[in-house]
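Reading through the structure tokens given below for one structure.
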There are 2 protein chains.
Amino acid sequence: MTNIRKVAKLAGVSVATVSRTLKTPDVVSPGTRDKVLAAVEQADYRPNLTAVQFRSQRTRNLVVLVPIIANTFFARVIGGIQEAAQRRGYGILLCNTLGDERTERAYAGLVSTRQADGLIQLRAYDPFATSSGKARPPMVNACEVLDEAPCPTVKLDNRAAARAVTEHLLALGHRRIGMIKGPRNSPLTRDRLLGFQDALAAAGLVPDDSLWCPGDFTPPSGHRAADELLSRADPPTAIFCENDEMAMGAMRRIKEAGLRVPEDISVAGFDDIAFASFCDPSLTTIAQPAEDFGREAVALLLDIIDDRDDAADAHRIMPFELVIRESTGPAA
Amino acid sequence: MTNIRKVAKLAGVSVATVSRTLKTPDVVSPGTRDKVLAAVEQADYRPNLTAVQFRSQRTRNLVVLVPIIANTFFARVIGGIQEAAQRRGYGILLCNTLGDERTERAYAGLVSTRQADGLIQLRAYDPFATSSGKARPPMVNACEVLDEAPCPTVKLDNRAAARAVTEHLLALGHRRIGMIKGPRNSPLTRDRLLGFQDALAAAGLVPDDSLWCPGDFTPPSGHRAADELLSRADPPTAIFCENDEMAMGAMRRIKEAGLRVPEDISVAGFDDIAFASFCDPSLTTIAQPAEDFGREAVALLLDIIDDRDDAADAHRIMPFELVIRESTGPAA
DNA sequence: CCGTCAAATGTAACCGGTTACATCGAGAGA
DNA sequence: TCTCTCGATGTAACCGGTTACATTTGACGG
């Protein structure tokens, strides 16, 4: 392996001069610079990054914990993270945790052991919570956010967004509105449920929690939940789904029952994934700037890493937009 | 920072003994082992991974180059890669290249500079092709594979799979079959086109290349391509799309034209993404073991890295399955 | 009681950069 | 001519592990 000493010998200078030529070219004289660069070229020298990282105590890597990478929304967020990180010279170490806290802690260990400079968590769990009382490693919590997050956060105002969807359905005359939720203990689900109730309460309606079915954000779970709602004696006239994947599963089930969307039942989703405008009927949903979640999380994380500590407890609320398409219509 | 020397002092042993206790516990006596482990515990010591990597010349990281992470199929492949890598103690450095060769080469540099031990490329491009004639870093090419790949490969028999889809459409009586292709220079597209032609030729038909529209694997491009096909004087009675995303875009366009799938036009896709069974009508498609592509790629790559060189030019062909659903039916 | 040997442990070199500090040399000012 | 200053470059310590090799210890056979 060609290392810095070989290059130094080749160029007839010291290792320090080689290092300086590559890191701070302006402090070496033009003549030596050229000599060194020629030697670098000739030896096809590339600094050993593990050595650089070791010496400089900086890896320029970020760990990203994502619950399910196969989820279209998260895939977009990761795209945004990756783009922003790359532009700032950082790489990302990806972990598809499947919501397993042991796995999350293991990957968080990459930060504690200096293999990464910081961590972005897309789920409401603090992988450093159990670490003994040392200084917290740099972390940002985005998308699904802890209530008392010990770090900066990036999230949507889920409550307001859910309220907006519900108000849209109410305005169309719906009174019995079903909800296909996410997992029970998720703050995201809790907030969306609150927004849903806010809207009902404002309309003077009493929420009926027998119309709330849990799902797991996948199409099959939406299908199952819709099945449950349809099998009731008094099925809802509209269903608000906590993401588009479940909404597509639900629409499928509704059509299998011989009913039409939106004529018989309206369906609304959440996320505005690429398929939302191409399924049939196209889906009324909440558009979120998924890539921006990722970009913003990276920006905040690098602020902490670079010690711009004014950012240490920033909390960003990202904008949403209600996108009305074909899947919601007047109540029958 | 607590380092190995502090722990050694705390335990009253030498650094070598601490290192051995953690790496090869069986060579230290039980008594010392306990002492050392207690000191490790007390000091909350965790070895600095950058130092370990630097010294041992092994990072236990793999670089993954993915063209578009937001593509559902690739997201599944990455899930498989991540799972397999994690099980073998490796992390993955993800790069969403968007097909940009400069970016791909830059990330490939992480391997050349020893920040990763190997690379998995999911696109038909060799990022090391231009590197001056040194030994090739470990690499595996999966999914979309180079024709003369200088490394192990994992792929589908795209030609046979496309032929199977086409034969299915021919068996249903279709004679004018359109095709929504991928980008022009992709070997994947070329192979699928060949399989398509194989089937037509076997049925004694002459292919009509005016029925082949290029797309870019996204729903909107499928929508546009279908628009083009439908605006012809003699539109096809069936459309074979090179992935499910484009198929969904195409179905959408067909329905917008007031036509029914499959009664007026049949549509077939490729990949069997999660939505394929939940869209309306559900999609006839080719199921690929996406996660297995990832797992297999990791297995081959680690074989090279660990110098089991019998694997150095293994070429795996993964199985496919034609899944017939509602979107294809008898020709009108 | 001594020599031999193996197991346990210690010492220190090493990996490949970075950088504080030392050194050198040329030009300016006295 | 001598000294001072400053820019350019060199020397070597250092980061925190790993590991080859050296040393110590204790058991055992003769």
Show me the side-chain donor-acceptor pairs of residues 16-28 of chain B shorter than 3.5 Å, one per line, residues at least two apart or across chains.
{"unit_1": "B:T17", "atom_1": "OG1", "unit_2": "B:S14", "atom_2": "OG", "d": "3.3"}
{"unit_1": "B:T21", "atom_1": "OG1", "unit_2": "B:T17", "atom_2": "O", "d": "2.5"}

Exercise. Any chance CD of B:Q57 has more than 12 other-residue heavy atoms, nucleotides or ligands included, within less than 6.0 Å?
Worked result: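 Check passes, neighbour count above 12.
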
If a pair satisfies ring-ring contact (aromatic ring centres under 6.0 Å, His included) and one of its residues is in [range], list it, with sequence neighbours excluded.
{"range": "residues 62-85 of chain A", "value": "none"}
{"range": "residues 80-111 of chain B", "value": "none"}
{"range": "residues 13-41 of chain A", "value": "none"}
{"range": "residues 29-58 of chain B", "value": "A:F54-B:F54"}

Exercise. Of all residues at least two apart in sequence or in a different chain, which pass the side chain to side chain contact (heavy atoms under 4.5 Å, CB included) check with B:A75?
Worked result: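 By the side chain to side chain contact (heavy atoms under 4.5 Å, CB included) rule, B:A75 matches no residue at all.
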
Problem set entry | Residue whose closest nucleotide on DNA chain D lies nearer the 5' end, B:R5 versus A:V15 |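 First, find each residue's nearest nucleotide; the 5'-ward one identifies A:V15.
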
Residues 145-152 of chain B side chain polar contacts: donor-acceptor under 3.5 Å, at least two apart:
{"unit_1": "B:D147", "atom_1": "OD1", "unit_2": "B:R190", "atom_2": "NH2", "d": "2.8"}
{"unit_1": "B:D147", "atom_1": "OD2", "unit_2": "B:R190", "atom_2": "NH1", "d": "2.8"}

Exercise. When you list every nucleotide of DNA chain C with an atom under 4.0 Å from a heavy atom of chain B, which one comes first 5' to 3', and which comes last?
Worked result: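 First and last nucleotides in contact are C:dA8 to C:dG16.
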
For this session: Taking only heavy atoms on the protein side, list every residue of residues 26-40 of chain B lying under 4.0 Å from any atom of DNA chain D, sorted numerically.
Result: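 Heavy-atom contacts with DNA chain D come from no residue of residues 26-40 of chain B; none.
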
For this session: Scan residues 48-60 of chain A against DNA chain D and write down, sorted by residue number, each residue with any heavy atom closer than 4.0 Å; if none is found, say none.
Result: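 Only A:F54, A:R55, A:Q57 qualify.
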
For this session: With axes from five pairs an end, tell me the bend angle of the helix from C:dC1-D:dG30 to C:dA30-D:dT1, nearest 10°.
Result: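 For the helix from C:dC1-D:dG30 to C:dA30-D:dT1, the axes at either end differ by 60°.
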
Problem set entry | Under the side chain to side chain donor-acceptor pair (under 3.5 Å) test, residues paired with A:D100 that sit two or more places apart |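 Checked A:D100 against side chain to side chain donor-acceptor pair (under 3.5 Å); matches are A:T103.
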
Exercise. Any side-chain heavy atom of A:M318 sitting closer than 4.5 Å to one from A:V154?
Worked result: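 Result yes, sub-4.5 Å side-chain heavy-atom pair found.
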
Exercise. Are the side chains of A:V111 and A:D117 in touch, meaning some heavy atoms are under 4.5 Å apart?
Worked result: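 A:V111 does not reach A:D117 side chain to side chain.
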
Exercise. Could you give the distance from CD1 (B:I78) to CD1 (B:I92), rounded to the nearest 0.5 Å?
Worked result: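 One gets 6.5 Å once the value is rounded to the nearest 0.5 Å.
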
